[in-house]
Amino acid sequence: TLFEQLGGEAAVTAVTTQFYANIQADATVANFFNGINMADQTSKTASFLCAALGGPKAWGGRNLKEVHANMGVTDAQFTTVIGHLRSALTSAGVAADLVDQTVAVAETVRGDVVTA
Ligand code: HEM
């Protein structure tokens, strides 16, 4: 699975931590996370991604469409955030084809997150 190829839960968690660091350093999208506990956020998103990438544990959290409703995320903002995931993967030394495949999995939630 992609989960195994990336190096399992520890590797996905490390990438997710860098992903949110990149987001928080980008003023065009950082504000969405004002007041959010980023340790929790990282652990939830890492769990979601592990499941989506074929890991052994099912996602036990909330439905992503309900979670992101009313946030007003635009298509362009989602694209920006996907770019931050791509750079987190690349800076972790993940091979380009595996980066592309992982990004493609994250892209599957675009329709649940974008509402504006
Ligand atoms: C939760 C924003 C993209 C997965 C949240 C929360 C915010 C947020 C503010 C916290 C909601 C709360 O606790 O009240 C955004 C923005 C995005 C984005 C602005 C893009 C522009 C994504 C993507 C994924 C994702 C690409 C998955 C790959 C999650 C998960 C949660 C969450 C798993 C927690 C769900 C739960 O509480 O069970 N998001 N998100 N988000 N987001 Fe996103």
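Remember, it's 1-based here, ligands and their atoms both numbered in the order they're listed. Values reported hereafter were calculated over all heavy atoms of this structure, with side chains retained and with hydrogens, waters and symmetry mates removed.
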- Quick one: look up the protein heavy atom nearest atom 7 (C) of ligand 1 and list residue, atom name and how far away it is. M71 CE, 3.3 Å

- Does the E4 side chain pair with the main chain of T1, one donor and one acceptor, at a distance under 3.5 Å? yes

- Message: Could you tell me, atom by atom, which parts of ligand 1 come under 4.0 Å of a heavy atom of V73?
- Response: 19 (C), 21 (C)

- Starting from atom 34 (C) of ligand 1, which protein heavy atom do you reach first, and at what distance in Å? K44 CD, 3.8 Å

- Note on the structure: Out of F33, F78, Y20, F19, the nearest non-hydrogen contact to atom 2 (C) of ligand 1 is supplied by F33

- Atom OG1 of T79 and atom CD1 of I82: how far apart are they, to the nearest 0.5 Å? 7.5 Å

- Task: Take atom 43 (Fe) of ligand 1 and tell me which protein N, O or S atoms are nearer than 2.8 Å.
- Result: H68 NE2

- Taking non-hydrogen atoms only, is I82 closer than 4.0 angstrom to ligand 1 via side chain, backbone, both or neither? neither

- Item | Distance in Å, K57 NZ paired with F3 CZ, rounded so as to fall on 0.5 Å steps | 7.5 Å

- Message: Distance check, rounded to the nearest 0.5 Å: F78 atom CZ versus T115 atom OG1?
- Response: 11.5 Å

- Note on the structure: Taken to the nearest 0.5 Å, the spacing of L6 CG from L2 CG works out to 6.5 Å

- Item | Q5 CD to D97 CG distance, which is reported to the nearest 0.5 Å | 7.5 Å

- Taking atom 12 (C) of ligand 1 as the reference point, the nearest protein heavy atom with its distance: I36 CD1, 3.9 Å

- Message: If the cut-off is 4.0 Å to any non-hydrogen atom of V81, which atoms of ligand 1 fall inside it?
- Response: 20 (C), 21 (C)

- More than 12 heavy atoms of other groups within 6.0 Å of N70 CG: no

- Query: Nearest to atom 23 (C) of ligand 1, what protein heavy atom do you find, and at what distance?
  - Reply: V109 CG2, 4.0 Å

- Task: Answer with yes or no whether the side chains of N37 and Q41 bring together a donor and an acceptor at under 3.5 Å.
- Result: no

- atom 9 (C) of ligand 1: nearest protein contact (heavy atom, Å): F32 O, 3.3 Å

- Tell me, which protein residue and heavy-atom name are nearest atom 27 (C) of ligand 1, and how many Å apart are they? F48 CD2, 3.8 Å

Residues 49-56, side-chain donor-acceptor partners within the protein, below 3.5 Å, at least two apart:
none

- Starting from atom 28 (C) of ligand 1, locate the nearest protein heavy atom and write down its residue, its atom name and how far away it is, to 0.1 Å. L49 CD2, 3.7 Å

- Query: In chain order, what residues pass the ring-ring contact (aromatic ring centres under 6.0 Å, His included) check against Y20, with sequence neighbours excluded?
  - Reply: F33

Listing, residues 89-96 side-chain donor-acceptor contacts under 3.5 Å, not counting sequence neighbours, or none:
{"unit_1": "T90", "atom_1": "OG1", "unit_2": "R86", "atom_2": "O", "d": "2.9"}
{"unit_1": "S91", "atom_1": "OG", "unit_2": "S87", "atom_2": "O", "d": "3.1"}
{"unit_1": "S91", "atom_1": "OG", "unit_2": "A88", "atom_2": "O", "d": "3.2"}

- Task: Please write down residue, atom name and distance for the protein heavy atom closest to atom 38 (O) of ligand 1.
- Result: R62 N, 3.0 Å

- Message: Does the residue V29 have a heavy-atom contact with ligand 1, meaning some pair of atoms that are separated by less than 4.0 Å?
- Response: no

- Message: To the closest 0.5 Å, what do you measure between CG (D26) and CG (N31)?
- Response: 10.0 Å

